[in-house]
Every structure is written in structure tokens, then in C-alpha cells.
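Reviewing the structure listed below.
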Amino acid sequence: MNPDLHFVLTRLRQGADPLTVRPDGQEPFRLSLRSLADDQLTFGGLPAGLVEIGDTVALSRAGVTVFRGRVEDRAARRWRGNCGLESFSAYGPWRRLSRIPYVQQWVMMRSEEGGAPTLQPVESSRVVLGQGDSGAPVSLRAQASHILARAVDLGIISDYSVDALPNDVYLPFDECRDITLAQALARTLRYTPRLSAVFDYTATPPSLRIAAPSEEDSFWVGEYALSGLILEERESQSWHPPLCCLLEAQVSGSHDGAAYAFSLLQKSPDDDENYDPERTLRAVLPVSGSETSADRRSLDVQTADFPADLNSADFWRQWHPDLRLLPEGASLTIRDASRSGTTDLSHYPRFIVVAGVGLAELEEAGVARSRVERLLCTAVLTTTAYYGEDKSADSVETAQLSLEVITTDAVTKTYRWVAGFDGTSGETIPDGLADALLAARQSDGLSATVVAHLPPDAGALIPRPGDTRSGLISQSVDIDIRALTVTVAFGPPAALGPVDLAGWLSAFRNIRRSTVSFRRSTGEDGPEADQTFALPSTFSGWSRQSANKVSVTPAHGSSGGAVTLDPAAVPSDKVASLRDLTVGDVTVKALMTEDVELPGGEGMPEGYAEVEGAVVHIRLDDTSDPHKIQVKRGKVFAAEVDADWTDLVVPSAYDA
């Protein structure tokens with residue numbers, strides 16, 4: 001036999017020249033090619049040390065590489081005389097795909113050394129088949145492409161082709177953990193059992209092609225028969241394929257918490273007269289129906305009416321927080337009250353008086369009108385203070401008050417409504433499913449084996465997985481390289497039995513997007529109903545510690561003037577308070593912007609002092625001069641000053 005027709009084995013070791021070995025001799029030398037499984041080359045009878053574990057070997061015929069793989073098993077080592085002989089097994093890229101985990105991007109909290117945790121995309125072996133990195137569903141073709149693109153990035157394959165896969169069919173979300181690239185691809189292709197995964201070893205590294213079988217017999221089947229190369233053909237049949245299919249789908253689910261169940265029956269063919277029980281495929285298929293529940297909500301609303309007169313002191317005393325605890329006997333007067341809404345007040349006659357009820361809640365409850373308004377007024381508070389046995393003074397405080405409220409046309413009651421329905425869609429049972437199942441089972445019990453010589457033309461194509469013969473698909477191709485024979489096993493496609501049918505049906509499921517997709521892309525769970533309440537703030541311009549302005553007048557029936565303490569008279573860079581005023585050896589408290597110490601002026605009468613050209617006169621008991629600071633028992637209780645003194649003694653809020 002022409003040695004050029006023989007296969008040639010080449011050892012490819014990094015840093016060493018290629019070493020070529022022709023498979024001559026008596027030791028086993030076989031190549032097995034599988035779809036979605038290991039391609040394996042077994043060879044032996046080589047001198048010890050010629051090949052080592054980890055070497056890459058390539059098998060070619062007529063210069064065309066038909067296999068390339070890595071040596072992983074040393075099957076045997078034995079001696080013949082003084083010569084050591086070894087046998088090995090090398091495996092194609094599928095073996096490497098079966099070792100490397102398939103990972104996807106997930107957004108998770110992650111902290112670098114010495115840094116605070118932040119949300120970052122992290123590779124995880126928790127994967128969701130049928131879903132892209134953004135969390136959105138992806139097509140069957142896109143999912144397979146993502147898996148194979150990972151294999152390209154790792155250098156396992158050089159390229160891939162998935163054109164045979166449909167791009168308009170979407171997988172159900174299939175969540176897995178710690179699966180390999182090979183397992184991920186096999187799970188993805190389980191919905192298309194007639195497709196084959198075939199490696200093309202002419203590229204370096206090999207490429208992978210997802211191939212669809214031809215409707216006709218492969219070219220080599222007829223050529224081998226015409227050339228007399230077929231040594232043996234065996235066909236087998238176990239009983240008969242089914243003639244009928246009765247598919248009963250039992251659908252169960254719940255509607256608004258109430259369970260339901262019903263049965264759907266599909267028949268193939270529709271004729272009921274010729275059913276043979278022995279040749280009838282009958283299956284009961286549990287199917288998930290829709291699951292729904294109502295989101296019922298309620299809101300307790302309490303409102304109060306606006307008074308006819310917004311200047312009502314009782315109204316402001318009741319609802320403004322700063323006026324609820326006024327001193328006993330205090331007199332409150334409200335003037336210039338107003339609302340920010342001025343054009344349609346009649347549509348908003350009430351306001352909300354309970355916490356936890358905001359505009360969003362009122363809108364969801366179906367309240368027609370609600371808005372935030374600001375109420376403004378000028379409040380005048382008059383209180384009478386008594387000191388001594390027969391002396392009193394009125395304190396008049398004036399403040400600009402504001403109050404933000406939610407005005408509405410709602411009434412006080414409990415509002416109830418259905419916010420929506422939550423649930424998942426059920427599995428859809430497509431029409432003609434029984435017909436499709438019956439057609440898929442027509443090859444049940446049929447198989448065939450073809451044993452043939454390889455053609456003398458070294459350039460002729462050899463059989464590959466996925467080839468077809470009489471409607472059957474080749475599942476494996478085994479080549480005896482020494483004998484130059486090939487054995488091709490044909491069988492039915494992966495039949496969809498009743499158990500597998502549920503998984504096949506799920507390919508048609510309309511799945512509600514789950515929170516998994518949000519965790520993939522954001523690191524957080526999916527959005528839920530917003531239960532937070534945005535309450536309007538209440539703002540007040542009133543404080544007893546810093547009133548806008550304080551006037552002290554004599555009590556009713558008493559004589560005397562008035563003292564007005566106004567912060568507006570204080571320079572913007574000054575703070576007035578009761579400070580020490582010292583003249584000579586006399587120290588009293590006076591309302592001033594800074595402490596002052598005045599030595600007794602030379603040539604001045606007793607009790608007088610001169611500061612920057614002005615005269616300060618202190619009289620401990622004499623109150624006859626209203627233009628001077630008056631001191632009683634060491635404490636200033638009133639002050640009226642000339643204009644010359646405003647930089648030294650500044651009126652301010654002062655509790656007499």
C-alpha cells in the first residue's frame with residue numbers, strides 16, 4: 001500500500017523540532033470522533049521517551065490535519081527484549097472544555113486591600129444560561145456564542161461558527177453553579193438535538209462548528225457504496241415506532257391565591273379509530289400555569305378643615321407646633337394670614353393632619369387633588385410679667401410664622417385599592433406539540449452501523465459526526481488507522497421522552513424577568529414597590545429665644561413709656577448680650593456688644609465717667625433720668641439710650 005495514503009502522526013513540542021511517526025506495525029492505532037464528547041486518538045508501540053504527557057500531537061492524511069490534541073494518558077509501558085514500548089491517548093479540545101468552569105459577570109461588593117468595599121463586576125461560576133451580562137434575555141445563538149467566545153479567549157479554540165443555531169429562539173433562564181464550558185454548551189444545545197458539534201482541525205488551534213445535518217444522505221455514503229469500499233452494513237430495529245401520540249398536559253397554578261387545575265389533550269393523528277395501545281405514545285405532562293396574587297393596599301387619611309377666617313388664633317394655636325405651649329394668660333393675635341395657593345382654594349378645603357401620608361400615597365389611593373402649600377402669618381404674643389409687689393410689664397413679641405401642609409379634597413377615612421397583580425406567566429403549550437413529538441419518535445428502535453475501507457484517494461473526505469444516512473444521524477466515527485477502516489454508528493437523535501419533554505417545553509415559556517437579572521448587572525435585588533413616604537417639612541420662624549422683635553410696655557393702668565428691643569439695630573458683625581460694665585469700682589450688667597471697663601474720669605463728679613468724648617452716668621437708685629442706664633440692685637432692668645450710645649450699648653432681646 002502506498003505509504004502516502006497512511007496517516008502521519010506528528011509530535012509538536014515547544015522548543016523542539018516536529019517528530020513524525022508513521023503508524024506502521026501491530027500496535028493499536030485508533031481515532032474516535034464524537035459530537036459533544038471527547039475526540040480521542042489512541043496510539044502505541046512507540047519507543048519509550050519519544051512522547052511524554054503534555055505533548056501536543058497532530059494526525060494528518062494527505063497533508064490535511066484530521067486531529068490535534070494533547071497527550072494526557074499513558075495507557076501502557078512494556079518491554080520487548082531490551083526495548084521499552086509505550087502507548088498513549090491524546091484528546092481533542094472538548095477535554096479542555098470539560099475542565100474549565102464557565103463564568104459570567106456579576107456586580108458584587110468587593111474591597112481591595114486597605115480600601116472600602118465598592119460595587120464592581122466580578123467573574124463568578126454562578127451562571128444563568130439564556131441571560132446576558134446586562135441581565136436581559138439572549139437568544140439561543142447568542143448564548144452559544146458567549147460560551148464559545150470564552151473558549152477563544154482562553155486559546156482552546158481559534159474560532160467558531162454558530163450559524164446553524166436560530167437567532168430568534170430564546171432560552172428560558174437556566175441557573176447553574178460550577179458547570180464547565182462543555183456542560184454549558186451541551187445544556188444550551190439540548191433544545192436542538194439534531195445539531196452536531198464538530199471540530200475543524202485544519203486551524204491552529206482547532207475551530208468548532210455547530211452543524212445542521214442534511215436532509216439527504218451524506219455524499220460519502222453513496223460514493224463508498226459505488227466504489228465497493230463498504231465492508232459491512234448492519235441495521236437493527238426494535239419493535240415498531242409509535243403510530244399515535246396522546247399528550248395530556250395537566251396545568252396547575254393559582255389566581256389571586258386560589259389554586260386551579262385543568263387538563264389539555266392533544267392527539268396525533270386526529271383520527272380516533274385506529275389507535276393501537278402497543279404503538280401509542282402516551283404521556284402525562286405536568287405544566288406550570290400562571291401564578292398571580294393581588295397587591296391590596298389601604299391608607300388611613302385624617303384631615304381637618306380650614307377656618308373661614310385664616311387669621312383665627314385658635315387655628316394657629318392648634319396646628320402650629322411653636323404655639324401649642326404658650327404661657328398661661330398669654331394673648332395671641334394673628335394678622336396677615338395667607339395661603340400660597342391663591343386661585344382655586346375651594347378645591348382644596350382641607351389639609352392632612354396625620355404623619356406618613358404624602359403626595360405619592362394620596363395619588364396612589366386615588367385622591368383627586370392634593371398639593372403642598374405654605375401658610376404665612378404675623379403672630380403677636382403679649383404676656384404680662386409681675387415683679388415686686390405692685391409692678392408689672394407687658395412683653396409683646398412679634399414673629400413671622402410659616403407652616404407647610406398638604407392641602408387636599410380628601411376626607412377622613414380609610415382608602416382601599418388594588419395596587420396591581422404580581423405573578424409569573426405559565427408555560428405555553430404550542431399547537432401541534434403531539435405531532436412534533438410523534439415525528440421525533442419515528443426513529444425509535446432504529447440504528448445502523450457501516451464498516452468501510454477508507455478510499456484510496458488520500459484527499460477524499462472521511463466520515464464525520466453529524467453525517468446522515470436514511471434519516472439517521474451519525475453519533476460516532478471510529479477509524480482504525482493501521483487497517484485503514486472506518487466504523488460509523490448511526491442512531492436516532494436524542495429522543496424527547498415524557499420526562500425530557502418538560503424541559504423542551506420550557507423553551508417556549510414566557511418568563512417574567514426575575515431579580516437575578518438585576519443582581520447580574522447592579523449587584524442589587526430587583527425593584528420593589530416604593531414604600532417610603534416623602535413628607536413635607538414644617539417650617540417655623542418662631543422661637544421664644546430669638547423673637548423677631550420684643551416690646552416691653554407698662555402694665556395696663558400704669559404710667560411710663562415703652563422699651564423696644566430690636567435685633568435689627570445690632571451691627572451684622574456684633575452680638576449683644578448682658579455684659580460687664582465697670583466704672584471705677586462699680587460693676588453692673590448692661591446690654592452691650594462687648595465688655596467695657598471705664599476708669600473714673602479725672603475732674604468728673606462722683607459716678608460719672610468719660611469714654612471717647614461721651615459721658616456715662618450711673619445712678620444706683622435714681623430713675624429720674626430716662627436717658628441714662630438705670631441700675632436697680634446691681635441689675636439693669638430697662639434701657640433707653642441716646643443715639644450717641646448705639647455703638648456701645650445695643651438694644652437686643654432681653655427678658656425683663
Side-chain angles (χ1 to χ4, degrees), residues 306-307 309-340 373-388 390-405 537-579 589-593 623 626-627 629-632 635-641 643 645-646 648-656:
F306 280 105
D309 183 7
L310 201 57
N311 287 320
S312 169
D314 291 338
F315 169 80
W316 285 91
R317 188 189 295 263
Q318 179 180 1
W319 298 113
H320 200 290
D322 292 338
L323 296 177
R324 290 173 182 167
L325 298 175
L326 294 181
E328 184 177 356
S331 173
L332 176 65
T333 301
I334 302 295
R335 65 173 183 263
D336 303 328
S338 64
R339 289 171 55 179
S340 58
E373 290 189 39
R374 172 167 290 189
L375 310 183
L376 301 174
C377 77
T378 299
V380 181
L381 179 65
T382 303
T383 57
T384 302
Y386 297 91
Y387 54 92
D390 56 355
K391 295 184 178 181
S392 64
D394 285 346
S395 174
V396 180
E397 302 177 60
T398 304
Q400 301 295 325
L401 302 184
S402 66
L403 180 66
E404 286 186 350
V405 296
S537 62
T538 297
F539 172 79
S540 173
W542 181 282
S543 174
R544 290 303 306 272
Q545 285 71 39
S546 58
N548 300 95
K549 187 175 182 181
V550 178
S551 297
V552 181
T553 60
H556 297 292
S558 302
S559 61
V563 176
T564 299
L565 303 180
D566 189 354
V570 181
S572 59
D573 59 343
K574 298 290 186 179
V575 176
S577 62
L578 287 174
R579 303 177 185 273
K589 293 291 186 182
L591 281 168
M592 298 183 295
T593 57
T623 60
H627 297 287
I629 296 176
Q630 301 174 0
V631 179
K632 180 82 171 176
K635 180 180 179 183
V636 174
F637 64 87
E640 175 132 345
V641 300
W645 288 96
T646 55
L648 178 62
V649 180
V650 180
S652 181
Y654 169 62
D655 187 356

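A distance of 7.0 Å separates CG in N311 from CG in D336, rounded to the nearest 0.5 Å. To the nearest 0.5 angstrom, S340 atom OG is 7.5 Å from L376 atom CG. Taken from OG1 in T378 to CG in L401, the straight-line distance is 8.0 Å, to the nearest 0.5 Å. Put simply, SG on C377 and CG on L310 are 8.0 Å apart, with the number rounded to the nearest 0.5 Å.
The residue from D322, L326, I334 that alone fulfils the side chain to side chain contact (heavy atoms under 4.5 Å, CB included) condition with R317 is L326.
Side-chain contact between L332 and L323 is present, with heavy atoms from C-beta onward closer than 4.5 Å. Proximity of F315 to L375: side-chain heavy atoms (C-beta onward) are separated by under 4.5 Å at one or more points.
Listed for the W319 side chain is no donor-acceptor partner under 3.5 Å among the backbone atoms of D314.
Every residue meeting the side-chain hydrogen bond (donor to acceptor under 3.5 Å, both in side chains) condition with R339, not counting sequence neighbours, appears here in chain and number order: E373. Every residue was checked against the side-chain hydrogen bond (donor to acceptor under 3.5 Å, both in side chains) condition with T382, not counting sequence neighbours, and none meets it.
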